[in-house]
Amino acid sequence: MQKDLQTDWIEKIYRIVRRIPKGKVTSYGAIAECIGTRTTARMVGWAMNASHNARPAVPAHRVVNRNGLLTGKHHFATPTLMQELLAAEGIFVEQDRILDFKKHYWLPDENNKD
DNA sequence: TCACTGACCGTGG
DNA sequence: ACCACGGCCAGTG
């Protein structure tokens, strides 16, 4: 059944991102590595951009880069929306950097599926 | 059609 | 410690 196998990895990313617990954050590389290829970290960001049309909507605000910087905040509806959403979950951000990022860091685990 | 870019990360000098 | 480069997939010019 040849479907969107070419975009299958994108759906994987969506599922993983949606598994991120509230008040937790992860990095693009962690997601990329979870799907099998860490080199696709760039594509994760691209997938996030396409996530605007994904249903249900993926909590892209819980996804940041390795440095804990809100690199994708500029791609949200408003440049401050990402920070607002994180703050609403108890994650404070200063200068586009998540405070205690390591503390809120969450790694997607295969054992954590559903 | 070819080439470059993109919300990145790891390694090498 | 800092700077430069390669890699993967898909979309756009």
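Residue numbers begin at 1 in each chain, while the letters A, B, ... track the order of the sequences.
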Residue pairs passing the side-chain hydrogen bond (donor to acceptor under 3.5 Å, both in side chains) test with at least one member in residues 66-77 of chain A, sequence neighbours excluded, are A:Lys73-A:Asp96
Do the non-hydrogen side-chain atoms of A:Arg62 and A:Ile91 ever get within less than 4.5 Å of each other? no
Can you tell me how far P in C:dC5 sits from the matching atom in B:dC4, rounded to whole Å? 14 Å
Side chains of A:Glu89 and A:His104: closer than 4.5 Å at any heavy-atom pair? no
Spacing of the P atoms in C:dG6 and B:dA3 (rounded, Å): 16 Å
In whole angstrom, what separates A:Asn53's CG from C:dG11's P? 13 Å
Nearest to the side chain of A:Phe76, heavy atoms from C-beta on, is which of C:dC9, B:dC9, B:dA7? B:dA7
Take the protein atom CH2 of A:Trp46 and the nucleotide atom P of B:dA7, then report the distance between them rounded to whole Å. 13 Å
Phosphate OP1/OP2 of B:dC8: any A:Thr71 side-chain N/O under 4.0 Å: yes
Picking from B:dA7, C:dC8, B:dC9, which would you name as closest to the side chain of A:Met43? C:dC8
Report yes if some heavy atom in the side chain of A:Met48 is under 4.5 Å from a heavy atom in the side chain of A:Ile13; otherwise report no. yes
Think A:Trp9 has a side-chain N or O under 4.0 angstrom from the OP1 or OP2 of C:dA10? yes
Report the distance from atom CG of A:Asn65 to atom CZ of A:Phe101, rounding to the nearest 0.5 Å. 7.0 Å
Rounded distance in Å - CG (A:Asn49) to P (C:dT12): 10 Å
Using atom P in both nucleotides, what's the gap between C:dG13 and B:dA7 to the nearest angstrom? 15 Å
Taking the side chain of A:Tyr28 as heavy atoms from C-beta outward, which of B:dC9, B:dA7, C:dG11 is closest to it? B:dA7
Output the rounded distance in Å from OH (A:Tyr14) to P (C:dC9). 17 Å
Search all heavy atoms of A:Ala60 against all heavy atoms of A:Phe76 and return the closest pair with its distance. C-CZ, 3.7 Å
Rounded to the nearest angstrom, tell me the gap between atom CD1 in A:Ile31 and atom C1' in B:dC9. 13 Å
Once you round it to whole Å, what is the distance between P of B:dA7 and NE2 of A:His52? 11 Å
Atom CD1 of A:Ile10 and atom C1' of C:dC9: how far apart are they, to the nearest Å? 8 Å
side-chain contact (heavy atoms from CB on, under 4.5 Å) partners for A:Glu33, two or more places apart: A:Arg38
Starting at CD1 of A:Ile16 and ending at C1' of B:dA7, how long is that distance when rounded to a whole Å? 16 Å
For DNA chain B, which residues in residues 54-67 of chain A have a heavy atom at a distance below 4.0 Å? A:Ala60, A:Asn65, A:Arg66
